[in-house]
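Everything on this sheet refers to the single structure shown next.
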Amino acid sequence: MYHFRNDYSVGCHPAVLEALAAVNQESVIGYGQDDYCKKSADLIRELCHAPQASVEFMIGGTQANFTAIAAFLRPWESVISPVSGHINGHESGAVEATGHKIIPVHTPINGKLSPTLIRPVLQECEDTHLTKPRLVYISNATETGGVYTKAELTELSLFCRRHGLILFLDGARFGCALTSKVNDMTPADIAELTDAFYIGGTKNGAMMGEALVITDPALQGEFFRMKKQRGAVLAKGWLLGVQFYALLKDGLYFKIARNAVEVAQYLQGGLKNLGIPMMVDSPTNQIFPIVPNTLLPHLDELCSYEVWGKADDDHTVIRLVTSFATPLASADGLLKAIKDLT
């Protein structure tokens, strides 16, 4: 069976496991106050050209999202998010449980927000009986594989700063976004144009973990206390610092993300050549084929995948996802098997 259900089914990259094993018998100070976390945070600040940034290591993406949002907002303030945004559709009300309303916005199929889409929300919420939109949540890559260009993110950033909005970027698939062929940004560009973002490790080589980078000094105060209150402080915090240092010190993070993207693009092209259309042309490691319902029982035998939704009465959109560990041979094998079936 070929595995294309998600990009976090494999434990971690061997270099990460080796780094963890190397420190396994050390006695290390806890709660992220150790030298490994400090060294990793310094490396991230250097990578992002953001010496003023605070780097906070978190266990997972949902935790990073709701902890950051809870820390950044006052009780009456709300979040603008794409309908497809992870906080809106995949986190069981984690953000709402912190007391902050999510205002979902319909976007193009690529899942990207723009000032044109946000402006009407601000106008509708001028009434002081409503929550006040204060934070704009975006993902790069988006849930449907979209990647922001520098021009798009610059426009959005300028709009947010003009209207007193915090721009927060979910970087669960940060590596795949930045290694996509359509990307024209660096980590430094992301740091300059957002108020906070995170570098996702769970979906790109780490056993677990995200590195939240808070670039706006006004949002950094007392963040540790919010982390503690929300259950986001790992006692063995050095385990996160060790992983991110192993991934980032020699560019391994982006090298393995590139593998995920290249295998996905190869698979997407091959499926198109077999006459299978896509819901959207994704440039990252998630692809969305539209397959005949009659093919689904055969796919169940061939590979793991996720049903994304109904295309029409006779077709279903499925999601295939590649990871740092997906070999090109898996894509080739699946394509050959589907060709034989069709």
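Numbers here are sequence positions counted from 1. Both backbone and side-chain heavy atoms feed into the values below; hydrogens, waters and symmetry mates do not.
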**Item:** Donor-acceptor under 3.5 Å (N183 side chain, L178 main chain)
**Value:** yes
**Spatial distance of atom CZ (F168) from atom OG1 (T194) [nearest 0.5 Å]** = 9.0 Å
**Request:** Decide whether N65 and E91 meet the rule of one side-chain donor and one side-chain acceptor closer than 3.5 Å.
**Result:** yes
**Message:** Show me the pairs that pass ring-ring contact (aromatic ring centres under 6.0 Å, His included) and involve residues 80-135, at least two apart or across chains.
**Reply:** H86-H90
**Asked** Does a salt bridge link K38 with D42, judged by any charged N lying under 4.0 Å from a carboxylate O?
**Response** no
**Request:** Identify whether V55 and Y253 are in the same connected component of the hydrophobic contact network (ILVMFWY, side-chain heavy atoms under 4.5 Å).
**Result:** yes
**Request:** With sequence neighbours left out, write down each residue that passes salt bridge (Lys or Arg N to Asp or Glu O under 4.0 Å) with K228, or none if nothing qualifies.
**Result:** none
**Asked** Any side-chain heavy-atom pair from Q63 and R230 closer than 4.5 angstrom?
**Response** no
**Prompt:** Is it the case that one hydrophobic cluster holds both F244 and L239, taking links as side-chain heavy atoms less than 4.5 Å apart, direct or via other members?
**Reply:** yes
**Message:** Are M58 and L234 linked, directly or through intermediate hydrophobic residues, by side-chain heavy-atom contacts shorter than 4.5 Å (ILVMFWY only)?
**Reply:** no
**Request:** Kindly say whether I214 contributes a backbone atom to a donor-acceptor pair with the side chain of Q220 at under 3.5 angstrom?
**Result:** yes
**Request:** Determine whether M185 and L113 fall in the same hydrophobic cluster, where Ile, Leu, Val, Met, Phe, Trp and Tyr are linked whenever their side-chain heavy atoms lie under 4.5 Å apart.
**Result:** yes
**Asked** Side chains of T107 and L117: closer than 4.5 Å at any heavy-atom pair?
**Response** yes
**Item:** Side chains of T149 and D184, donor plus acceptor under 3.5 Å
**Value:** no
**Item:** Between T202 and E210, a side-chain donor and acceptor under 3.5 Å
**Value:** yes
**Message:** Testing the 3.5 Å rule here: is there a donor-acceptor pair between the side chains of Q286 and R319?
**Reply:** yes
**Prompt:** With Y266, which residues qualify under side-chain hydrogen bond (donor to acceptor under 3.5 Å, both in side chains), at least two apart?
**Reply:** D332
**Asked** Hey, mind stepping through V28 and V23 against side chain to side chain contact (heavy atoms under 4.5 Å, CB included) and telling me if it holds?
**Response** CA-CA 9 Å; V28 184; V23 303; 5.7 Å; no
**Heavy-atom pair of closest approach, residues I87 and I102** = O-CD1, 3.5 Å
**Asked** Hey, is D189 close enough to K150 for a salt bridge, meaning N to O under 4.0 Å?
**Response** yes
**Residues E222 and R225 bridged, charged N to O under 4.0 Å** = yes
**Message:** Using the rule that Ile, Leu, Val, Met, Phe, Trp and Tyr join whenever any side-chain heavy atoms are under 4.5 Å apart, tell me whether L153 and I118 fall into a single cluster.
**Reply:** yes
**Prompt:** In terms of side-chain geometry, is the basic nitrogen of R173 or D170 positioned less than 4.0 Å from the acidic oxygen of its partner?
**Reply:** no
**K101 and E96 ion-paired at < 4.0 Å** = no
**Item:** Distance flag, aromatic centroids of Y198 and F174, threshold under 6.0 Å
**Value:** no
**Cationic N near anionic O, under 4.0 Å, K272 to D281** = yes
**Item:** L267 CG to E262 CD distance, which is reported to the nearest 0.5 Å
**Value:** 13.5 Å
**Item:** Cation-pi, Y245 ring and K39 (6.0 angstrom, 45 degrees)
**Value:** yes
**Intermediate values then yes/no, side chain to side chain contact (heavy atoms under 4.5 Å, CB included), C303 and H3** = CA-CA 6 Å; C303 68; H3 299 283; over 6 Å; no
**Request:** Taking all non-hydrogen atoms of both residues into account, name the closest pair between V147 and A141 and its distance.
**Result:** CG2-CB, 4.5 Å
**Message:** Could you check whether any side-chain N or O of R134 sits under 3.5 Å from a backbone N or O of E77, counting only pairs where one atom can act as donor and the other as acceptor?
**Reply:** no
**Asked** Just checking, is any N or O donor in the side chain of D300 or Y305 under 3.5 Å from an acceptor N or O on the other one?
**Response** yes
**Prompt:** Does any donor atom in the side chain of S157 or E155 lie under 3.5 Å from an acceptor atom in the other side chain?
**Reply:** no
**Parallel, tilted or perpendicular: ring planes of F288 versus W308, cut at 30 and 60 degrees** = perpendicular
